Amino acid sequence: MAQELMDKVVSLCKRRGFIFQSSDIYGGLSNTWDYGPYGIELKNNLKAAWWKANVHERDDILGMDAAILMHPKVWEASGHVSNFIDRYKDCLVCKKRIKADDPRWDPKRPNWCPECEHDGLGLTDIREFNLMLKTTLGAVEIGGMEAYLRPETAQGMFVNFLNILDSRHPKLPFGLAQIGKAFRNEITPGNFTFRTREFEQMEIEYFVRPSEADSKLAEWIDYRFSWYINLGLKKENLRKRPHAKDELAHYALACTDIEYNFPFGWSELEGIANRTDFDLKQHSQASGKELQYFDDSTKERFYPYIIEPSGGVDRSVLAFLVDAYNEEKVRDDTRVVLKLDKDLAPVKVAVLPLLRNRPEIVELARKINADLKKSSVSVYDDTAAIGKLYRRQDEVGTPFCVTVDVQSLEDKQVTVRERDTMLQERISVDRLKEYISGKLERVI
Ligand code: ATP
């Protein structure tokens, strides 16, 4: 059942232009995905909603955008060169690579493979593998420099700590926020866009006095949890999972994951960690630049602690797609509808002429569409009969359809149909733009 839901979402994504396999015409590059016309709108809307809630609506967070490529010394100081590793074993029978911390391993059967279930036929010892993707800068033949594609956006914010202090003079507690690509040479990518080697992160580094780290961590866990719910994820599909001590990353004192109940099981959407003063201290030491904060009021100099809410854009998009997917029986038909929040919906309104062979109707519909485009994302479609046009918009989550009919030519009114209820209302063309804008406005 759960797999069926996942298959339906993957198929909808391809069929309607949300997400495609990368390099499809060449047979595809596995576990690599491209966002199509609806996918990029959804992804951009999600990032905009995150930016609004975490940067624009707050006075204590500043945005930034660091380069993907950084000085290789950053990754030595951060601990990634020595610690960002995965451990795995290879099964010599089924040739599958399985992580050493995969929960399916049976401690009582050390030679049993959880993939092919052979016992005693051959597993390698545990091997270690660094997850960072390497690249070479400059011409390789004349001694190019080895660099990494960043495995997290966080370090770009730590190394700019001084620049931010010197240019903006923020007072503690304050944060930096960034959205950008990250790369990890994952051993076991999969589950569609859930785990890939190239992905996007939305990260906040929130600098606090060490004494307030615990309370700020708790605040951020609640704040971030509510964000997903306010944007439409069902509460029963979300949970907070504190990390056990032996699960914590090398830099973290505490961490809680926000998990979503994906069709393949509860899995991490976002991690919120107390990174302590680890990063600022490490970079101070390695760079020789003092990254302490000077508190004007107490005349103290110290390394702030860092609370880090770190989420994945692609994982969130996937969670919102799965959560919004609905099938409803309408008379003898099945209606597929994406009940996405209006802020996330790729298209906000579709203008549909009831009869495409009546030039006056088409002309009025096109005029209405052009007008709506000035304040919203509106599309015009006349390539099928009205029932089919509605279904198409339902499938991609368009909250409103506007239908222009023969009557509209006389009474200058159109029908507005709401996606979730399918209720229809006659609205005068003069008031339409204001009506739609009002409906799309966020009330929370
Ligand atoms: P996981 O345990 O699933 O590998 P992680 O704990 O290593 O994730 P973090 O380092 O906390 O992940 O990264 C922050 C966020 O970045 C994650 O919560 C997730 O949303 C996203 N993320 C991490 N790795 C990937 C990936 N390979 N593909 C897609 N998103 C990812």
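As the structure is a prediction and not an experimental result, all values here were calculated from the model. Each ligand, and each atom within it, is numbered from 1 in the order the structure gives.
Taking the six-membered ring for Trp and thresholds of 30 and 60 degrees, Phe278 and His250 have ring planes more than 60 degrees apart, a perpendicular arrangement. In this structure, Phe192 and Trp33 have perpendicular ring planes: the angle between them is above 60°, well past the 30° mark.
Under the rule for a ring-ring contact (aromatic ring centres under 6.0 Å, His included), Phe20 has no partner lying at least two apart in sequence or in another chain. Under the ring-ring contact (aromatic ring centres under 6.0 Å, His included) criterion, Tyr293 pairs with Phe302, not counting sequence neighbours. Applying the ring-ring contact (aromatic ring centres under 6.0 Å, His included) test to Phe84 and every residue at least two apart in sequence or in another chain returns His80.
When atom types are taken as modelled, the side chain of Lys342 and the backbone of Lys348 share no donor-acceptor pair closer than 3.5 angstrom.
Closer than 4.0 angstrom to ligand 1 sit non-hydrogen atoms from Arg184, Glu186, Phe194, Arg195, Thr196, Phe199, Gln201, Glu268, Leu269, Glu270, Gly271, Ser310, Gly311, Gly312, Arg315.
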